[in-house]
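To find a chain, count down the sequence lines: A is the first, B the second, and so on, and within it residues start at 1.
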There are 2 protein chains.
Amino acid sequence: MSDNNAPTTAQRIHDSALTLFASYGYEGTSLSQLAEAVGIRKPSLYNHIDSKEGLFMDLVEEVERAFFDELDRSVESHADAPVETRVLALVSDLSRFMLQADKGTFHKRYLLFPPRPLLAEVRQITARSEARIDVALRCFYAQGIEEQLWHTLTEREFLDAFYVLVDGLFTERFLYSVDEYDRRVASVWPIFWAGLQR
Amino acid sequence: MSDNNAPTTAQRIHDSALTLFASYGYEGTSLSQLAEAVGIRKPSLYNHIDSKEGLFMDLVEEVERAFFDELDRSVESHADAPVETRVLALVSDLSRFMLQADKGTFHKRYLLFPPRPLLAEVRQITARSEARIDVALRCFYAQGIEEQLWHTLTEREFLDAFYVLVDGLFTERFLYSVDEYDRRVASVWPIFWAGLQR
DNA sequence: TTCGCAAACGAACGACTGTTAGTCTAGCAG
DNA sequence: CTGCTAGACTAACAGTCGTTCGTTTGCGAA
């Protein structure tokens with residue numbers, strides 16, 4: 001067994017596919033394109049993948065699992081902190097995830113505009129994360145009550161506001177640099193947090 | 001000249017294309033699909049369009065112009081109102097635009113993930129609206145100063161917060177009904193507005 | 001050395017892509 | 001009635017799509 005760490009062909013296919021799907025979308029990426037990026041011929045791809053659909057779904061599963069883990073880790077790791085810390089940590093951690101060049105873009109793409117024939121499969125995979133966020137947020141809201149943070153805020157309002165915040169942050173209508181993004185979070189978080197406690 | 005108001009073939013192509021591009025994307029929509037939706041054969045499309053790209057760009061131009069007009073109208077029509085009214089009106093008007101089933105989805109799609117070969121052309125068309133929003137927001141911020149509304153808020157923060165709000169609202173991670181959407185706006189707006197004046 | 005196997009290959013598949021050319025027909029203008 | 005034209009048609013184009021087949025190559029194990 002050779003212990004060099006040069007990337008295997010399978011890994012290079014995986015990485016190139018993620019990049020291409022992220023920038024060109026599923027239908028906008030052809031296997032010829034992918035093969036060229038990897039540096040092999042198109043039919044050779046099939047020594048490593050089952051089908052284009054299978055490749056795509058594998059990537060969706062992997063990225064979604066990474067997203068879920070990041071989410072879960074963030075919620076668990078500040079379990080004893082005040083709610084303000086926990087919510088801000090969640091925003092920051094998810095932001096960091098979304099800022100990963102290919103993973104973040106790919107994630108947003110299949111969340112918002114999955115390839116139509118794969119819509120059902122994709123939604124089934126993303127459902128777990130959605131549910132996890134919901135649970136975490138309800139927990140945060142309850143903790144906020146114990147801390148007597150909210151004055152008029154309902155749980156529904158808290159959930160809506162949080163989703164608007166993160167979806168808004170993650171929507172890069174322009175191409176942000178990381179610095180610009182951090183500035184945006186720093187700008188908007190205090191406004192958001194003050195609003196919740198109105 | 002007949003004065004019946006049955007839709008012309010050109011209009012039916014236009015409408016069907018908008019629907020298909022919105023749900024399947026540019027690369028995900030074929031001319032066969034479009035022709036079938038219209039009820040004619042694929043080559044007959046070319047009596048009314050120049051090319052698939054041309055059809056797409058025409059739709060982009062039209063929808064973007066509609067977006068710009070809605071934007072402009074909203075800003076102008078409340079020119080003498082207090083800034084809170086004006087900002088809320090802008091959010092509501094843009095929301096109403098984005099809620100139009102096909103136009104809204106199509107708009108978000110080409111804004112976030114335009115077909116790669118047309119990226120430059122699309123960006124050139126959307127630039128006008130971006131600039132218009134920026135001007136309006138700076139104007140609103142200045143008006144807020146006159147009204148002594150802001151306490152610590154900078155212009156940069158105001159812009160960032162506004163963009164996060166509307167982008168967040170327009171990101172339908174789930175498929176909202178119109179009622180649900182209105183509820184979301186009603187939930188989040190007071191939080192957002194209170195935060196701005198903190 | 002030989003065997004087996006993973007992996008890359010060229011050739012080709014049928015289906016479909018966007019697009020063009022040429023033909024036919026229905027309806028309006030003269 | 002005649003002629004023009006807009007618009008739909010069939011047929012076919014060259015090219016690309018995702019995918020399969022059978023073969024070859026190179027390397028590690030026996």
Side-chain angles (χ1 to χ4, degrees), chain A residues 1-60 109-110 113-119 121-122, chain B residues 1-60 110 114-119 121-122:
Chain A
M1 174 173 68
S2 68
D3 58 345
N4 61 3
N5 50 6
T8 68
T9 303
Q11 283 170 330
R12 280 164 45 230
I13 291 176
H14 169 280
D15 294 348
S16 295
L18 188 63
T19 302
L20 289 173
F21 284 152
S23 12
Y24 297 88
Y26 177 75
E27 298 95 340
T29 301
S30 71
L31 293 188
S32 337
Q33 224 178 128
L34 175 58
E36 189 177 3
V38 174
I40 60 178
R41 305 283 164 178
K42 187 169 56 155
S44 309
L45 290 174
Y46 282 83
N47 289 319
H48 307 274
I49 69 173
D50 292 333
S51 64
K52 190 186 179 187
E53 290 198 356
L55 172 62
F56 182 83
M57 290 310 301
D58 286 348
L59 288 173
V60 169
R109 242 207 164 103
Y110 71 65
F113 301 111
R116 201 51 177 252
L118 301 177
L119 186 140
E121 286 185 64
V122 169
Chain B
M1 176 173 68
S2 66
D3 58 344
N4 61 2
N5 50 5
T8 68
T9 303
Q11 283 171 331
R12 279 162 48 227
I13 291 176
H14 169 282
D15 294 349
S16 295
L18 188 64
T19 302
L20 290 173
F21 284 150
S23 13
Y24 296 89
Y26 177 76
E27 298 95 339
T29 301
S30 71
L31 292 188
S32 337
Q33 225 178 127
L34 175 57
E36 189 177 1
V38 174
I40 60 178
R41 306 283 165 179
K42 184 170 57 156
S44 307
L45 290 173
Y46 283 83
N47 289 319
H48 307 275
I49 70 173
D50 292 334
S51 66
K52 191 188 180 186
E53 290 198 356
L55 172 62
F56 181 82
M57 291 309 300
D58 285 349
L59 287 172
V60 169
Y110 70 65
R116 201 52 177 252
L118 301 177
L119 186 140
E121 286 184 64
V122 169

Take the protein atom CG of B:Leu55 and the nucleotide atom P of C:dG18, then report the distance between them rounded to whole Å. 11 Å
Should B:Ser30 be listed as having a side-chain N or O under 4.0 Å from OP1 or OP2 of C:dT17? yes
Over 60° means perpendicular and under 30° means parallel, so tell me whether A:Phe21 and A:Tyr26 are parallel, tilted or perpendicular. tilted
Do B:Leu31 and B:Tyr46 make a side-chain contact, defined as non-hydrogen atoms from C-beta onward lying under 4.5 Å apart? yes
Whole-Å gap separating P (D:dC17) and CD (A:Glu36): 11 Å
What's the CZ-C1' distance between B:Arg12 and D:dG7, to the nearest Å? 12 Å
What is the distance from CD1 of B:Ile49 to C1' of C:dT17, rounded to the nearest Å? 13 Å
Distance check: side-chain N/O of A:Ser32 vs OP1/OP2 of D:dT16, anything under 4.0 Å? no
Look at all strands and tell whether B:Ser44 reaches a base, only sugar-phosphate, or nothing, counting heavy atoms closer than 4.0 Å. base
How many whole angstroms separate atom CG of B:Leu45 from atom C1' of D:dT10? 15 Å
Going by heavy atoms in the side chains, are B:Arg12 and B:Thr9 under 4.5 Å from each other? yes
A:Ile40 CD1 to C:dG10 P, in whole Å, measures 12 Å
If you assign B:Thr9 and A:Glu27 each to the DNA chain D nucleotide with the nearest heavy atom, which residue ends up on the more 5' nucleotide? B:Thr9
For DNA chain C, whose closest nucleotide is more 5', that of B:Glu53 or that of A:Gly39? A:Gly39
Start at the 5' end of DNA chain D and walk down; is the nucleotide closest to A:Gln33 or to A:Pro43 reached first? A:Gln33
Would you mind reporting whether A:Leu34 and A:Lys42 have side-chain heavy atoms less than 4.5 Å apart? no
Determine the contact category for A:Thr8: base if any of its heavy atoms lies under 4.0 Å from a base atom, sugar-phosphate if only primed atoms, P, OP1 or OP2 are that close, otherwise nothing. nothing
Any idea which of C:dA8, C:dT19, D:dT19 is nearest the A:Lys42 side chain? D:dT19
Would you mind reading off the distance between A:Leu118 atom CG and D:dG18 atom P, rounded to a whole angstrom? 13 Å
Can a donor-acceptor pair be found, under 3.5 Å and without considering hydrogens, that links the side chain of A:Gln11 to the backbone of A:Thr8? yes
Of the nucleotides D:dC17, D:dA8, D:dT19, which has the atom closest to the B:His48 side chain? D:dA8
From CZ of A:Phe56 over to P of D:dT19, roughly how many Å is that when rounded to an integer? 14 Å
Side-chain donor or acceptor of A:Asn47 under 3.5 Å from a matching atom on the base of C:dA6? no
Could you work out which one of C:dA8, D:dG7, C:dT19 sits closest to the side chain of B:Tyr46? C:dT19
Closest approach to the side chain of B:Arg41, judged atom by atom: which nucleotide of D:dC9, C:dA8, D:dT19 is it? D:dC9
